[in-house]
Each structure stands twice: as structure tokens, then as C-alpha cells.
Asks: 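Quick one: structure below, then a few questions.
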Amino acid sequence: MPKFFDHLLGSLDKAVEKTARGSARNVGRRSFLSKAGMAMVGAAAATPILPFDRRASAAGAADADECSYWRHCALDGNLCSASGGSLTSCPPGSSASAVSWVGTCTNPEDGKDYLVSYNDCCGKPTVSSATFCYTSEGERPGYRMGLYNDINWCMANTDKGYHCTVSVVVGLAE
Amino acid sequence: MPKFFDHLLGSLDKAVEKTARGSARNVGRRSFLSKAGMAMVGAAAATPILPFDRRASAAGAADADECSYWRHCALDGNLCSASGGSLTSCPPGSSASAVSWVGTCTNPEDGKDYLVSYNDCCGKPTVSSATFCYTSEGERPGYRMGLYNDINWCMANTDKGYHCTVSVVVGLAE
Amino acid sequence: MKATYAVTLASAVAAGPALAQDSAADFVPETLTIEETISEGPNVFVMDQAWAGPSKVNVLGAEDFAMKGNMGPGTTAQMVLSADGSTLYTTSVYMERYTYGPVTAVMHEWDVQTLSVRREFEISNRLAHVESQNALLALTADEGYLLAQNATPATSITVVDLGAGAELAEIPTPGCWGAFPAVEGMKFTTICGDGTLASYSFAADGSFGDPAKSEKIFDVDEDALFTNGVRIGSELVFVSFNGNLYFVDDSGEAPVLTGTAALTEGVLGNWAPSGSELIAYNAPTNTAFVLMHSGAYDGSHKDAATEIWSVDMETRTVTGRSPAHHENGLAVTQTEEPVLYGATEEGNVVRYDVAMGDEVSLSMAEEFETAAGFVTLLKLDR
Amino acid sequence: MKATYAVTLASAVAAGPALAQDSAADFVPETLTIEETISEGPNVFVMDQAWAGPSKVNVLGAEDFAMKGNMGPGTTAQMVLSADGSTLYTTSVYMERYTYGPVTAVMHEWDVQTLSVRREFEISNRLAHVESQNALLALTADEGYLLAQNATPATSITVVDLGAGAELAEIPTPGCWGAFPAVEGMKFTTICGDGTLASYSFAADGSFGDPAKSEKIFDVDEDALFTNGVRIGSELVFVSFNGNLYFVDDSGEAPVLTGTAALTEGVLGNWAPSGSELIAYNAPTNTAFVLMHSGAYDGSHKDAATEIWSVDMETRTVTGRSPAHHENGLAVTQTEEPVLYGATEEGNVVRYDVAMGDEVSLSMAEEFETAAGFVTLLKLDR
């Protein structure tokens with residue numbers, strides 16, 4: 001399973017993939033997605049109040065703007081929620097990164113582990129006042145690229161300037 | 001006399017000068033220069049210990065790196081002496097601005113007023129640790145361009161990035 | 001060690017919503033979206049100007065100081081807002097190697113609602129690399145033309161034809177600085193180093209005539225004018241280093257000084273104005289606000305304010321003195337009850353409530369910390 | 001008000017030195033010059049990496065921390081220094097509109113003595129936009145080739161032929177990260193996400209073969225390796241999250257694990273390594289220095305150091321523990337008496353004197369405050 005992302009990453013870059021001489025990456029996309037219950041931009045999903053959102057909703061958005069908020073457990077970057085966006089939305093006029101790194105964070109509300117997609121928002125400078133977070137739970141160096149948070153994840157976008165980072169809960173870890 | 005610099009400035013930009021329709025600027029370059037006793041880059045001048053340098057020399061370079069040092073009386077910028085250059089020299093690899101603004105500063109050592117040419121050094125980023133000074137004795141807005149310190153004086157250079165500023169004593173004020 | 005996985009938008013979108021049915025019954029994954037527009041309500045546009053790399057125009061909610069997002073022009077950016085607040089124009093420069101190499105000057109037209117670039121095009125790279133100021137980028141009264149300050153260091157004004165989306169003319173303004181558009185027509189007035197003000201007119205075909213110069217209005221050595229004045233009807237009002245207001249009628253061919261008013265006369269403490277956008281004017285109450293500091297000396301004209309003085313522009317007298325918070329720039333709403341905003345030298349934005357009356361008093365309502373920012377200019381849309 | 005004047009170099013030079021004779025007898029005007037070279041002595045190269053606009057490589061005197069000047073590459077710069085200290089190579093990216101638009105990746109070759117660009121040329125814009133690290137830009141042993149890390153996020157290494165002044169090859173290194181040049185030849189080793197290390201060789205014509213993979217060396221989930229290791233002779237030494245040293249011989253076709261050593265075994269306080277360039281090695285004393293913090297938890301592997309541990313690499317035992325100053329990066333000289341430099345998370349550079357002996361102890365000798373800087377990497381020329 002951990003090798004899954006290599007497959008994804010490789011396929012993003014056909015020129016490299018072509019000469020990659022097939023290192024063993026044999027876990028398909030589908031099995032991962034079904035496990036994670038993933039849906040992304042463009043997928044119509046009704047989301048209003050989610051279990052893992054309850055505390056944030058109850059307390060207002062306040063603690064979601066702090067680096068100690070549970071879903072920010074592996075976030076190296078400026079919070080989009082303090083940059084004109086929200087926990088899960090990029091600020092107006094920016095673009096969402098086409099690729100992302102993923103953290104596994106424990107929601108203290110239900111004790112469950114969730115997969116969090118950390119997407120960078122791109123094509124603008126940072127907001128001077130934005131909260132900068134630097135947490136690294138489960139983070140790994142670039143040899144496990146999908147867990148790596150020291151790199152600019154706007155790298156695969158047309159506009160590559162780093163703006164801010166969102167924390168999108170995309171799955172149950174198990 | 002104050003209009004002198006307008007003449008200089010105008011001549012820097014032929015396209016504009018041509019259509020400038022000669023507003024009254026009738027003080028020649030020569031009279032100004034002779035009064036100021038000016039010499040610049042390329043002029044061979046023996047300089048080792050000048051009257052206005054005595055205190056700085058005696059005390060080492062120490063107070064020359066502070067914004068309160070007398071010749072920095074109208075300096076808005078980073079000190080080149082804290083950027084790899086000196087009071088009168090640009091750091092290695094940078095270029096000296098082709099144009100400059102001028103201050104008139106009183107040397108407490110001899111009580112005399114000196115003309116100080118504030119040249120920007122260009123083509124590099126600022127040095128992170130450089131001392132930033134923001135003094136404005138005798139400073140005027142852009143309608144008296146040669147006294148104006150809110151503008152990037154690298155503007156007439158090929159490489160226009162602002163690096164730092166020197167304070168070169170180029171004349172006696174009177 | 002927890003199991004973790006990588007995600008790409010492309011792949012997930014390809015997989016589609018059908019997969020959601022495979023997930024645990026009680027879990028609905030969140031979706032990543034992009035805010036289409038900024039939230040409603042009046043705004044403060046905060047220029048965080050950079051001298052290398054991108055400048056930032058951060059947009060704050062005017063009431064709650066909520067951060068709504070930003071726009072990112074280039075180095076030494078200038079900005080001006082359309083009267084309806086829907087469009088922000090910026091001019092800035094781009095260097096091919098950031099600190100060296102060929103320079104491109106760019107006009108950006110930003111859609112404020114979406115904080116996105118509506119269009120951009122190159123303009124003359126004589127554009128001045130200078131601290132952002134109200135007087136250095138302006139719109140003509142009909143908003144058909146943009147007036148951008150050049151300096152090489154010879155000064156001129158680039159006229160940008162916004163309808164045509166191209167530069168129309170470069171008007172030499174030797175020895176003069178800033179452009180204050182006339183109340184109507186294709187005309188602007190500028191401040192000149194010989195103590196005069198000069199009005200320049202241009203035509204839609206890019207032609208322009210000789211400047212119409214005023215008599216000598218001020219003494220550059222003895223009582224220099226700050227560049228950034230305000231308009232009150234048919235007059236421009238400038239503040240001088242010594243604390244005098246100069247009223248200049250620019251409605252005729254040449255500007256005419258109609259009067260002056262001393263703010264500091266008879267006031268103890270050696271007070272003087274200071275800052276960049278150091279005066280702001282609220283029309284409904286006919287009140288101006290001016291940044292002031294005490295213990296003035298030659299060179300203190302850029303010092304941060306220690307007080308903000310309120311001036312009744314009918315009587316031209318000071319009607320209030322309130323503590324300041326190190327501002328070097330001001331902006332005020334055009335609402336019946338003025339709301340005043342200050343930009344501090346620490347890079348913060350401060351909001352003041354204004355209590356009108358025989359005596360005007362300001363009280364700081366909120367402060368927004370912009371951290372590492374260098375705030376050079378504020379714009380308001382109300 | 002004093003009389004003041006404007007000066008232009010052009011005009012003054014044109015006027016020439018003859019004019020000096022007209023000046024007051026006792027006044028000799030100063031001349032504006034440009035320093036031709038930096039002052040002599042060893043240096044510390046301090047990368048102040050920017051994620052927008054120019055990065056800065058500030059050059060400090062190694063003894064006195066005197067600021068000697070800087071070099072200005074682009075965004076997310078990497079750097080590597082030639083063995084003789086005379087040439088600094090950087091790779092970085094330039095965006096046409098600073099935060100958006102087409103990207104150009106550029107290799108700069110800087111002459112250290114004059115802090116000027118000797119040459120620059122474009123390289124593949126797959127170049128990784130990532131925090132600067134020793135492992136991400138390297139020179140082959142003969143300094144004929146530069147190895148630059150790419151990420152799109154698919155990983156590969158761009159080989160730059162410095163003799164030809166052009167890119168030679170792009171070698172795919174899927175799932176692997178970093179490039180450690182072999183002691184000789186055109187070969188490098190990289191760390192892979194499956195727990196192996198892989199060696200890649202290439203030829204002068206740009207051809208390259210299959211990677212030679214090691215057996216599984218480490219467990220990415222249980223004891224991941226930090227990317228930035230050090231070389232000791234024929235071996236590469238890496239530090240793991242749990243505080244183990246991994247010794248890998250890269251002199252054969254495929255890398256081979258030759259041993260491990262536990263630094264924290266039996267030590268109270270739950271100590272663990274942390275930082276980026278968290279290990280530095282001084283060959284004359286055969287001593288390594290490692291950044292450590294106590295109270296380790298999942299995710300603390302980038303925390304700033306609270307202690308620096310000295311490790312005798314002969315016995316592979318800890319021989320000293322000294323207070324740290326929030327470093328996340330280290331570099332040490334190759335002098336007989338090691339001098340240690342740390343980059344702190346506050347953006348400062350710290351110098352330590354090292355007292356060798358049965359117990360090694362460090363004492364902070366000096367701290368250089370780089371103010372707003374974000375120091376990601378140090379390089380030394382001795």
C-alpha cells in the first residue's frame with residue numbers, strides 16, 4: 001500500500017515514467033480509493049456537519065486557525081483559513097495544487113484516525129499575516145514523496161507560486 | 001542652484017528631454033561642480049585620512065555602522081558597510097548606481113556641512129542582516145528628485161535590484 | 001506508525017463520486033474547493049510593498065479585519081481602486097532574474113470580487129520604482145485612463161488608455177512629481193520643484209499640450225509640500241512640512257493658490273505633520289485628519305505619528321487631537337460617520353472610531369497585525 | 001534650510017579630476033568604489049532561502065562573522081561549493097510573474113572571490129522547489145558534473161555537464177530522494193522509499209544504466225532515515241529518526257549496509273535526532289556532531305535541537321553532550337581543530353569551539369543575527 005503513491009506520482013510525469021523501468025508498484029488506484037472513501041473537487045458530496053467537524057463547528061472557526069488543531073498534524077505551511085480561504089478551500093483567485101501530501105491525524109472528538117490531504121493553493125504570494133504551522137506527524141523525506149511536507153506542492157500546477165495550505169479530510173485511516 | 005539637478009536628470013533621458021520644452025534650468029554643470037569640489041568614480045584622488053573621517057578612524061568602523069553616524073543624515077536604506085562594502089564602496093559583485101541623491105550633513109568633528117552622495121548599490125538582493133537606516137535631513141519629495149530618498153536609485157542601471165546604500169562625501173556644502 | 005497514503009486530485013476526480021458508496025457509512029469525505037469570491041462587505045486594501053519579488057495587496061474586511069485574500073503584483077507596486085470598488089489597478093516591475101536583468105513593467109487589472117487578474121499588459125519600463133503612494137498611480141475622473149508616475153530619474157507620466165488596453169502617451173513632467181486628476185476631463189496637476197503646480201492636458205489621440213503652470217505657490221526649501229494631498233471639490237489640499245494647508249484650485253487652465261491655513265500656530269510642543277499619506281478627508285463631515293508628531297526637526301517629516309489631528313475644513317481649524325499609533329499613512333471612509341484607518345510603521349493596520357461634534361475624538365477600535373509586512377498604502381471602497 | 005544638490009556619476013566623471021583643483025584646499029572628496037573581492041580568510045556561506053523572489057547566499061567571515069556580501073539566485077535555491085571554495089553553484093527557479101506564469105530553472109556558477117556570476121544557463125524546469133539541503137545539489141568527485149534533484153513530484157536527477165555548460169541527462173529515480181556522489185567516477189547513490197539505497201551510474205555521453213539496488217537497509221515506517229547524511233571514506237553515514245546511525249558502503253556496484261550504531265540506547269529522556277543537516281563530520285578527529293532533542297514524539301524529527309552530541313566514529317559511541325541553540329542545521333570545518341557552525345530556527349548562525357579529549361565539549365563562541373532570514377543551509381570552505 002505505501003507504494004501506491006509512487007504509482008500515482010510516476011503517472012503524473014509521462015516522460016519520466018516511460019523510462020522508470022517499472023519498479024514494483026502493483027497496488028492499484030481503485031483499492032486505495034475504496035478504502036479511503038475518497039472524493040475530491042468536482043465530486044458532489046453532501047457535507048454540512050461531519051463528525052470530525054463537530055468541535056470546530058461548536059467552537060466557531062477559532063481553533064481551526066491554530067496549528068494545534070487536530071487535522072493540521074502534519075502541515076508545514078501557512079493556513080489558508082487565515083489567508084482568505086477556509087480549512088478546505090483555497091482563497092479566491094488561487095488554484096488548488098494538482099498533487100498533495102497526506103497526513104494521518106487523530107480526531108480527539110471520536111478517537112479515530114483520518115487521512116488529511118494537505119493541498120497547497122497556488123499562484124499568489126503568501127498573505128503577510130497568515131498563521132504559519134510546522135507540524136510533521138508521520139512526515140517522511142522526499143523518498144516517500146506523498147508524505148513529504150518540505151516541498152512546494154504547487155510544483156505540478158501551471159502557476160507555481162506558494163500561497164497557503166488546506167487540510168482536507170479525505171478518508172478514514174482504518 | 002537648486003535647479004541644477006533637474007538639468008542633469010533631464011539629460012539622462014534624451015527621449016523625455018527632447019520634449020521637455022526647456023523649463024528654466026540655466027545653472028550650468030560646471031559652476032556646481034567647481035563649488036562642490038566633486039570627484040567621482042574614475043577620478044584619481046588620494047584619500048587616506050580625511051578630516052571628516054577622523055572620528056570614524058579613531059573609533060574603528062564601529063559608529064559608521066550606526067544610523068546616527070553623521071554622514072548618514074539623509075539615508076533611507078541598508079548600509080553597504082554592513083552588507084560587504086564600506087562607507088564609500090559597494091559590496092563585491094554589485095554595481096554602483098549611475099545616479100544618486102544628495103544630503104547635506106554636519107560633521108560634528110569640524111562643524112562643517114558636507115555634501116553626501118547616497119548611491120545605491122545594485123543588482124543583488126539585500127543582505128538579510130544589514131542595518132536599515134531611515135533618516136531624512138533635508139530630504140524632499142520627488143519633485144526635487146536629487147534630494148529624494150524613497151525611490152530606488154538603481155533605476156538608471158542595467159541591473160536594477162536594490163542591494164544597499166553608501167554615503168560618499170563629495171563636497172563641502174559651502 | 002500509522003499507515004498513510006498519497007492523494008492526487010487528478011486521480012481522485014477520475015475515480016469519481018461512485019466510490020463514495022464504498023466508504024464507511026458514517027464518513028463523508030470533504031471536498032477541496034476554491035472560494036469563488038471574497039465575502040461581502042466593505043474592504044481595506046493593504047499594500048505590502050516589496051522591493052524584491054512580489055508585492056502583496058492584502059484585502060481585509062473593513063468591519064472585522066477578517067483576511068479575505070490577496071492579489072500579487074510585482075516589485076515596487078502602486079495601486080488605485082475604481083470608484084465602485086470593483087476593480088483594482090496595479091503597476092509594478094518584474095526583473096528577469098529578480099534582482100538583475102531586463103525589466104518589464106506591467107499593468108494589472110484585478111477583479112476585486114474574485115481577486116483574480118482580469119487582464120495584464122506591459123507598459124513603459126520607465127515606471128518609477130518607488131514607495132507606493134496615492135499620487136503615483138491615479139485614474140482620470142471617468143476612469144478611462146490610468147496615470148502612472150515614471151522616473152529614470154527624469155520624470156514623466158505614462159497615460160494608459162484602459163479602453164484600448166495600451167499605453168497612450170508619455171507626458172514629460174520635468175522637475176515635477178505626482179499626478180492629481182482633474183474633476184473632469186483628461187487633465188492632471190502635478191507638484192513641481194520650483195514651487196509651482198502645473199496642469200497637463202491630453203487628448204484621446206495621445207497628443208498633449210504645454211503645461212499650464214501656476215505662480216509660485218510654495219517654497220521648497222522653507223515649507224515643502226508633502227506629495228500626497230486630498231481633493232475637496234474643485235480644490236486640491238496639500239500639507240506642508242511646517243504644518244500649513246495649501247488650497248489649490250485646479251479647475252482652471254493653470255492651478256491657483258486660493259488660501260493657506262496654519263495648523264500648528266500657537267500650539268506648544270513644536271508639532272509638525274509627518275508620514276506619506278498623512279492626510280485623509282471625509283466629505284460628508286467636511287473633516288480632514290492629519291498625522292502629526294511633536295518635537296519636529298529637519299528630517300522628521302517621515303516620522304511615525306504620535307497624534308492624529310482632526311481639522312474642520314469649513315473653518316480650517318483644528319477640532320480634535322487624539323493619540324496615534326505610529327502611523328505613517330491614513331485613509332478614511334466617505335460614509336456619514338467616518339471610519340479612519342491607519343497604517344503603522346510596524347506594518348499593522350489600525351481602525352479608529354470617530355466621534356464627531358464640537359470636538360472630534362478618535363478611539364482605536366481594532367488593530368490588525370500584518371506581521372512581517374511593510375504597509376505603504378491603504379485604499380478603501382466606501 | 002541647507003542648500004543641497006544632486007549628483008550623477010555620469011556627469012561628474014565627464015567633468016573629470018581637473019575640477020578637484022577648484023575645491024577648498026583642505027578638502028579632498030571621497031570616491032565611490034566597488035569592492036573587487038571579498039576580504040581574505042575562511043567563509044561561511046549562509047543560504048537564506050526564499051519561496052518567492054530572490055534567495056540570498058550571505059557570506060560571513062568564518063572567524064569574526066564579518067558580513068562579506070552576498071549572491072542572489074532565484075526562488076527555492078540550492079547550493080554546493082567546490083572543494084577549493086572558489087566556486088559556488090546554485091540552482092533555483094524564476095517565475096515570469098514571480099508567483100505565477102512560466103518557470104525557468106537556472107544554474108548559476110558564482111565566483112566566490114568577486115561574488116559575481118561567472119556564468120548561468122537554463123536547466124530542466126523539473127527542478128524540485130524544496131527546502132535547500134546538502135543532498136539535493138551535489139558535485140561529482142571530479143567536479144565535472146552537477147547533480148540536481150528534480151520533483152514533478154516524480155523524482156529524477158538532472159546531470160549537468162559543467163565542462164559543456166549544458167544539461168547532460170535526466171536520470172529517473174522513482175521513489176528515491178537525494179544524490180550522494182561516489183568517491184570516484186560518474187555515480188551517485190540515493191535513498192529510496194522501499195528502504196533500499198540505489199546507485200546510479202552515467203557516462204559522458206549522457207547514457208545511464210539500471211540502478212544497482214541494495215538489500216532493504218531501513219524501515220521507512222519504523223526507523224526512517226534523514227535525507228542528509230555524511231561521507232566517511234568509502235561509507236555514507238545516515239541518521240535515523242530513532243537515533244541510529246546507518247553505515248552504507250557505496251563503493252561497490254550496489255550499496256551495502258555494513259553496520260548500525262544506536263546513539264540513544266540507555267539514555268534517559270527519550271532523546272532523538274532532529275533537523276535537516278543534522279549531522280556533520282570532522283575527518284581529522286574522526287568525530288561526528290548530531291543535533292538532538294529530548295521528549296521525542298512522532299513528528300518531532302524537525303524540531304530545533306536542545307543538545308549537540310559528539311560521536312567518536314571509531315568506537316561509534318557518544319563522547320560528548322553540549323547545550324544547543326535551537327539549531328536545525330550543522331556544518332563543521334575539516335581543520336585539525338574542528339570548528340562547528342549551527343543554523344538556528346531563529347535565522348541566526350552560531351559558532352562553537354570544540355574541546356576534544358575523552359569527553360568532547362562545545363562552547364558557543366559567537367552568534368550572528370541574520371534578522372529576518374530563514375537559514376536553510378550552511379557551507380564551509382575549510
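In what follows, every chain begins at residue 1, and chains take the letters A, B, ... in the order their sequences are listed. Any value given below was found using the heavy atoms of this structure, including those in side chains, with hydrogens, waters and symmetry copies removed.
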Asks: Can you sort out the partners of B:Ser89 under side-chain hydrogen bond (donor to acceptor under 3.5 Å, both in side chains), two or more places apart, ordered by chain and number?
Replies: B:Ser86, D:Glu35

Asks: Determine whether B:Thr126 and C:Trp51 satisfy the following criterion, side chain to side chain contact (heavy atoms under 4.5 Å, CB included), listing intermediate values before the conclusion.
Replies: CA-CA 9 Å; B:Thr126 54; C:Trp51 277 45; over 6 Å; no

Asks: Tell me, for B:Lys160 versus chain C, whether the close heavy atoms (under 4.5 Å) come from the side chain, the backbone, both or neither.
Replies: both

Asks: Among B:Ala74, B:Pro141, B:Cys154, which residue has the highest count of heavy-atom pairs closer than 4.5 Å to chain C?
Replies: B:Pro141

Asks: Please round to the nearest 0.5 Å and tell me the distance separating atom OH of B:Tyr143 and atom OG1 of C:Thr173.
Replies: 14.5 Å

Asks: On a heavy-atom basis, which atom in B:Ala156 and which in C:Thr152 lie closest, and how many Å separate them?
Replies: CB-O, 3.6 Å

Asks: Would you say the side chains of B:Asn149 and C:Lys302 form a donor-acceptor pair under 3.5 Å?
Replies: yes

Asks: Rounded to the nearest 0.5 Å, how far apart are OH of B:Tyr148 and OG1 of C:Thr227?
Replies: 5.5 Å

Asks: Taking B:Arg140 for the side chain and C:Ala224 for the main chain, is one N or O donor matched with an acceptor at less than 3.5 Å?
Replies: no

Asks: So which part of C:Ala151 gets closer than 4.5 Å to some heavy atom of chain B, the side chain, the backbone, both or neither?
Replies: both

Asks: In Å and rounded to the nearest 0.5 Å, what is the CG to OH distance from C:Asn328 to B:Tyr134?
Replies: 6.5 Å

Asks: Tell me, for C:Leu225 versus chain B, whether the close heavy atoms (under 4.5 Å) come from the side chain, the backbone, both or neither.
Replies: both

Asks: Should B:Arg144 and C:Trp177 be marked as a side chain to side chain contact (heavy atoms under 4.5 Å, CB included) after you check the CA-CA gap, both sets of side-chain angles, and the distance that decides it?
Replies: CA-CA 8 Å; B:Arg144 188 60 64 82; C:Trp177 190 243; over 6 Å; no

Asks: For chain B, which candidate among C:Gly101, C:Pro102, C:Ala52 shows the most heavy-atom pairs at distances under 4.5 Å?
Replies: C:Gly101

Asks: Calculate, to the nearest 0.5 Å, the distance between atoms SG and CE belonging to C:Cys176 and B:Met145 respectively.
Replies: 10.5 Å

Asks: Please check if the side chain of B:Asp150 supplies one atom and the backbone of C:Val130 the other of a donor-acceptor pair under 3.5 Å.
Replies: no

Asks: With chain B as the partner, which of C:Gln133, C:Arg97, C:His301 has the greatest number of non-hydrogen pairs under 4.5 Å?
Replies: C:His301

Asks: Between NZ of B:Lys124 and OG1 of C:Thr99, what distance do you get to the nearest 0.5 Å?
Replies: 8.5 Å

